[in-house]
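Computed from a predicted model, the values in this text were never measured in an experiment.
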2 protein chains.
Amino acid sequence: MPTPERTSLDAIVEAARTIVESQGLAQLTMQAVAERVGVRAPSLYKRVRNRDALVQLVTEATLLDLERDLAAVEVVPEPGRMLAGLAHALRAFAHAHPVTYHLIFTSAPAPGGPDPDLLARVAAPVLRVAAELAGPAHALEAARTVTAWAHGFISMELAGAFNLGGDVDTAYEYGLTRIATALASPA
Amino acid sequence: MPTPERTSLDAIVEAARTIVESQGLAQLTMQAVAERVGVRAPSLYKRVRNRDALVQLVTEATLLDLERDLAAVEVVPEPGRMLAGLAHALRAFAHAHPVTYHLIFTSAPAPGGPDPDLLARVAAPVLRVAAELAGPAHALEAARTVTAWAHGFISMELAGAFNLGGDVDTAYEYGLTRIATALASPA
DNA sequence: ACCTGAACACCGTTCAAGT
DNA sequence: ACCTGAACACCGTTCAAGT
């Protein structure tokens, strides 16, 4: 005789995201998630293989949100300004979801990592501007350069690595304009 | 009546580094460390406050090694080539110690993070080239730009985030020369 | 003064038993 | 078909008792 479902995969992932973001990855226990969705810990295993898989689901949900935010950046004709829009959107996203942002770049395509198609969709807008700035022949390398810089900057910022004083916002703008012009100048 | 010491703080940290690097952070258990140094887990608490403190000690030991490697980079007159030397040394270090490298940039100056003096010493060579390239007025921002790019690149590389094909070494060289010239050109 | 076994609270995960 | 309590193995950590 069927028992009515008392929760759902979506509710579980949502609960996990909330816990991770508000209390850190270490506090993401199966018991905490279970309590939040109103069920006992063993029941979670009906919908999620194990804790690692749940972390993976949280990562993919975060990637979907990031894809949405980057796709929503207003398209402007000048590639330099377009790049700035994407860079600021990425940084704003990271500030809004610091823990899950860190998850995205940490648990990359391990065995069972995020869907490669999803990763490609997230990267698409950056690849587009990179091609405009550096030319199609160098699009991939240029995209990797900007992405590496932006992610490195943001992750160091979130980790508190910029502790020698100076204005962090200014440093972000400085790096952004330097890189934009560097990629735009002829090889 | 005193009991002879059966291990030392150094041996404990060394054991922890070996475990972390060969099996990952999750496998760094107090029991695994204890077994490796020939003692029972509770004895570790005579020399280390707790597991978090041990991770912190591993991080600082790694930073010391990185400081040594960066300080050992041959000094050359052209700042562009000097920057390349530092960038390659950093990447080589990360490839040799991927897990502990990740630790460095992750557990930054949290409450009880690494010694700020040590962090400053590690950053010193980069700050020096940055000042030469971009001028003293922009040294800090320039240093942050290169460091962010290099760290971002390396951490994405280690996470397997460069999965769209293309040669990763080439992309590193591409980004390096672009950034070096960008920082050297007048504001 | 250092080391240990025993103990505690807390994990992730499995499974037989309920409905 | 889903949910649960009980159980297991395994953590980190404390502490009284040994030497």
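- Put simply, CD on A/Q31 is 7 Å from C1' on C/dC10, counting in whole angstrom units.
- When the P atom of C/dG18 is taken as reference, atom CZ of A/R40 falls 18 Å away, rounded to whole Å.
- Regarding B/I19, its CD1 atom lies at a distance of 10 Å from the P atom of D/dG12, rounded to whole Å.
- Listed nucleotides D/dT13, C/dT13, C/dC3 differ in distance to A/M30; the shortest reach to its side chain belongs to C/dT13.
- Note that CD1 of A/I104 is 5.0 Å distant from CG of A/L66, once rounded to the nearest 0.5 Å.
- Heavy-atom distances to DNA chain C give each of B/P42 and B/P4 a nearest nucleotide, and the one nearer the 5′ end belongs to B/P4.
- Between A/L44 atom CG and D/dC3 atom P there is a gap of 9 Å when expressed in whole angstrom units.
- Using a cutoff of 4.0 Å between basic side-chain nitrogens and carboxylate oxygens, B/R91 and B/E157 are scored as salt-bridged.
- The phosphate of C/dC2 (OP1 or OP2) has no side-chain N or O of B/S43 nearer than 4.0 angstrom.
- Contact annotation: B/R51 reaches the phosphate of D/dG12 (side-chain N/O to OP1 or OP2, under 4.0 Å).
- Consecutive Watson-Crick or G-U pairing (both distances under 3.5 Å) extending over three or more pairs maps onto DNA chain C as C:4-8 with D:12-16, C:12-16 with D:4-8.
- Considering only the side chain of A/Y45, C/dT13 comes nearest among D/dC3, C/dT13, D/dT14.
- Listed pair A/R6 / D/dT4 meets the phosphate criterion, a side-chain N or O lying under 4.0 Å from OP1 or OP2.
- When the side-chain nitrogen and oxygen atoms of A/R49 are compared with OP1 and OP2 of C/dG12, none of them lie within a distance under 4.0 Å.
- Side-chain atoms of A/E21 and A/P98, non-hydrogen and from C-beta on, do get closer than 4.5 Å to each other.
- One finds the CZ atom of B/F162 at 11.5 Å from the CG atom of B/D167 (value rounded to the nearest 0.5 Å).
- For A/D52 and C/dC11, the CG to C1' distance is 14 Å, given to the nearest whole Å.
- Under a 4.0 Å N-O distance rule, the pair A/R47/A/E5 qualifies as a salt bridge.
- Side-chain atoms of B/T29 lie closest to D/dG12 of the nucleotides D/dG12, D/dC3, C/dC2.
- Using a 4.0 Å heavy-atom criterion, one finds that B/L28 contacts the sugar-phosphate atoms exclusively.
- Summarising the geometry, the separation between CG on B/L54 and P on D/dG12 is reported as 10 Å, rounded to the nearest angstrom.
- B/R47 places its CZ atom 13 Å from the P atom of C/dA1, with the value rounded to the nearest Å.
- Salt-bridge annotation for B/R121 and B/D115: absent, with no side-chain N of the basic residue lying under 4.0 Å from a carboxylate O of the acidic one.
- One interatomic measurement links the two molecules: NZ of B/K46 to C1' of D/dC15, which rounds to 10 Å at whole-angstrom precision.
- For the pair A/E14 and A/R36, the salt-bridge criterion is not met [side-chain N within less than 4.0 Å of a carboxylate O].
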